[in-house]
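Heads up: the structure comes next, in structure tokens.
Only heavy atoms go into these numbers, but all of them, side chains included; no hydrogens, no water, no symmetry mates.
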Amino acid sequence: MNKKPHSSKQRFVAFRKRLDQPIESGETPQLDSGRRSLERTRSFASLLGHFLRFAGKNRRDLFWSLGFLTFGATIGLIPPAATKVVFDNILGDEKLPSNILNVFPSLNNKITLLGFIAIATIILAIISLAFNIQGRWLATRTTKRIQISVRRKAFLHATSLPLQRIHQLRSGGAASLVREDAGNIGDLVFGLCYNPWRAIIQLVGILIILLVVDWRMLIGSIILFPIVFFTHRTWISRIRPMWRSIRGTRQYCDAMVTESFGGARVVRSFSRQQTEATSWIRSNHLLVRKELLAWWWSRGVDISWSILVPVATGALLWFGGWQVLHDRELIATGAITQSQAITAGDLVMFLTYLAMLMGPLATLAESATQLQNSLAAMDRILDLYEEPTEQDKHQGGKVVSCKSSLGELTFDDVSFSYPGSDAAVLHNISFVAPAGKTIALVGPSGSGKTTLCNLVAAFYKPSNGCISLDGSPLQDIDLHAYRTLLGIVEQDIFLFEGTIASNIAYGKRGATPEQIQTAAQQAAAHDFISEFGAGYETEIGERGVKLSGGQRQRIAIARALLADPRILILDEATSNLDTQSERLIQNSLATLLKNRTSFVIAHRLSTIRDADLILVLDKGQIVESGTHDELMARSEHYHDMVVLQTHPQN
């Protein structure tokens, strides 16, 4: 068996080998990116269509931006034509055409003509600048609007993915995908539209002017055009797959940072800071190697143009200079007239526009390499959009509410295996949870208690069997509406960064301070909250790090109380409470459980003995069910668990 490469160099070599392999349609190679993708499958036309759809209602501003740019770029082409007048009519001895002098006789004075040209050049430059600034402002505003729109849609889609897919993305990687990749789509306003359009306007305008000056030198300059196509075919087609992989690796690195900081207590308790840092640095080395490879391929375009432009300019300078000298000889012999000859002013103007021509050509070639980076980002976002969401897999449309729903849940021969695994976690689970009753789930670790609650919360779909709410299969019920019936308090409490009040009110929009305080009092949390200087406005830090485990748990219970759910899940909800705190909230729990269909996972006898139905699970199966008294009388599993808890062996 081949060993997986670990060093950044080994992984980079493997990446280079895979990059050189052809990618067949439908093939999904893994390029050390943390994501599987087709690398470069969508055509440019397809991506352009997607971009215009992303632009949406902002397309109007985008077109206005290109309109202002067109006027600004066109006006900006006029001032260089003044070089011909300066060299021929001011520094030389040629006269302006008689029709111009008849209208403006003062221009026959060279000083006056020079001043007029200077003022006209300044005015045209200011007008061009005004149009360009307005166009650039509209393009910039459009960029930001598209970024906001795409990031919003990407965030909503990512948070709607099935739970196992979210776990695969990891929080840091998902943040990188939503923030950076989605944001780069907005950059296409400049990379795909604004800058190329400006180059095209300048290119077409300059070609028309050069055609008027001398068609022979124009032919010499347009020989450069195939080079743009050649560089695109040679370099550009390889750059987008590199940038896709670079973005995937960067996403993986971001995920590592988030994970390391999120697990800082574990990292430090095992003194693994150096190990985590080494792993992250190794992945960053791989990222840098890929970025340098993409840099060299991109610089191939720059190097080509850096060589080509001076060579072409020198050749055309020689040809134009020779043509001027040759025409002077022909004028001297009477073979041609002055108006038929190429003058020094014509040559200077031609070379000026030729230099301007190289700019748009180089811009088109160079921007194409940068464009691939943004197109790679769009590819990845489109991959994200194509992933089915939770709602896509749950087609039910029946709307339920706390007022209309009784809350009776029925499991009918339900089995479940986690996605990607053949091992069943639950086997043939059947029971009825009557509306308003409390169902306690007991059993050893790994028996399937939490998994069963995950099915109740519709985090996963059963592999076999059916779960029904008030007689209607969950598959027929709108998922969002069903989730409004739920309240969950888990052992691993998750609190959001913010105030205590905002966390308690998270499950009920528009909750008043009085309602928040009442819920806290019922959860025995009001007293310790009042001890903080800022009270309910106390900032608790990320995940509530400024609170003890018991305090976090009581805030979570207060949150559930305020939400007033129809179906309640308590997964070891009192595990982090000491005996005194648990005693304080027993009455609150009784209030919380009253008239709600409740699923309670707990090991403490005090939490489950009053349940209406106790399910004893073992190895994913229900081995016993009944009330506490019934199970004590006939269930060996339950009896032994209770005896072990109440009379622990020394």
Side-chain angles (χ1 to χ4, degrees), residues 163-164 408-418 421-434 437-467 486-493 553 556-557 560 567-577 582 586 589 592-593 596-649:
L163 202 58
Q164 74 274 9
E408 181 180 276
L409 281 168
T410 303
F411 276 62
D412 184 11
D413 199 28
V414 171
S415 297
F416 176 73
S417 300
Y418 281 100
S421 173
D422 296 329
V425 182
L426 296 176
H427 308 269
N428 310 112
I429 301 295
S430 296
F431 69 91
V432 176
K437 301 300 182 180
T438 299
I439 314 300
L441 307 175
V442 299
S445 298
S447 59
K449 303 185 296 297
T450 299
T451 300
L452 190 150
C453 288
N454 285 336
L455 294 179
V456 171
F459 291 150
Y460 298 98
K461 291 172 54 181
S463 303
N464 294 294
C466 178
I467 304 174
L486 300 177
I488 302 176
V489 181
E490 298 179 301
Q491 179 180 6
D492 183 16
I493 299 300
Q553 205 124 31
I557 292 172
I567 300 171
L568 180 66
I569 298 173
L570 300 180
D571 188 351
E572 297 286 359
T574 61
S575 62
N576 288 333
L577 298 178
E582 184 181 12
Q586 282 302 322
L589 286 176
L592 183 60
L593 297 174
R596 292 184 175 89
T597 306
S598 304
F599 293 84
V600 180
I601 300 175
H603 293 295
R604 294 185 181 182
L605 181 61
S606 58
T607 309
I608 61 175
R609 66 184 307 161
D610 295 328
D612 298 291
L613 176 64
I614 299 174
L615 302 179
V616 183
L617 279 76
D618 188 32
K619 297 179 181 179
Q621 295 179 309
I622 298 176
V623 295
E624 294 285 354
S625 64
T627 64
H628 171 72
D629 293 335
E630 291 172 347
L631 292 175
M632 284 297 293
R634 61 180 168 80
S635 172
E636 182 178 351
H637 286 84
Y638 186 77
H639 180 273
D640 290 346
M641 183 195 73
V642 173
V643 170
L644 182 62
Q645 184 181 125
T646 56
H647 299 88
Q649 297 178 356

Mind checking whether [X] and [Y] have side chains closer than 4.5 Å, heavy atoms only?
X    : Y    : answer
C453 : L441 : yes
L615 : F411 : no
F599 : T438 : no
N464 : N428 : no
P462 : V414 : yes
V456 : L409 : yes

Between Y418 and T451, is a side-chain contact (heavy atoms from CB on, under 4.5 Å) present by the stated rule, with each step listed? CA-CA 9 Å; Y418 281 100; T451 300; 2.9 Å; yes

Look up atom [atom1] in [X] and atom [atom2] in [Y], then write down how far apart they are to the nearest 0.5 Å.
X    : Y    : atom1 : atom2 : result
L568 : L486 : CG    : CG    : 9.5 Å
I601 : D571 : CD1   : CG    : 4.0 Å
I429 : I467 : CD1   : CD1   : 10.5 Å
E408 : K437 : CD    : NZ    : 11.5 Å
L617 : T450 : CG    : OG1   : 10.5 Å
I488 : L570 : CD1   : CG    : 10.0 Å

Donor-acceptor check, side chain of [X] to backbone of [Y], threshold 3.5 angstrom: yes or no?
X    : Y    : value
S598 : R596 : yes
S430 : D413 : yes
K449 : P444 : yes

I need the minimum non-hydrogen distance between [X] and [Y], along with the two atoms involved.
X    : Y    : answer
T597 : P434 : OG1-O, 3.7 Å
S417 : A424 : OG-CA, 3.2 Å
A611 : A440 : CB-CB, 3.7 Å

Under 3.5 Å, sequence neighbours excluded: what are the donor-acceptor pairs made by side chains of residues 626-634?
from	atom 1	to	atom 2	distance (Å)
T627	OG1	E630	N	3.3
H628	ND1	Y638	OH	2.6
E630	OE1	T627	N	3.0
R634	NH1	E624	OE1	3.0
R634	NH2	S625	O	2.6

Working for side-chain contact (heavy atoms from CB on, under 4.5 Å), residues I614 and V442: CA-CA 7 Å; I614 299 174; V442 299; 3.9 Å; yes

Would you call the rings of F416 and Y460 parallel, tilted or perpendicular, where under 30° means parallel and over 60° means perpendicular?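 The arrangement is tilted - the two ring planes meet at 30° to 60°.
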
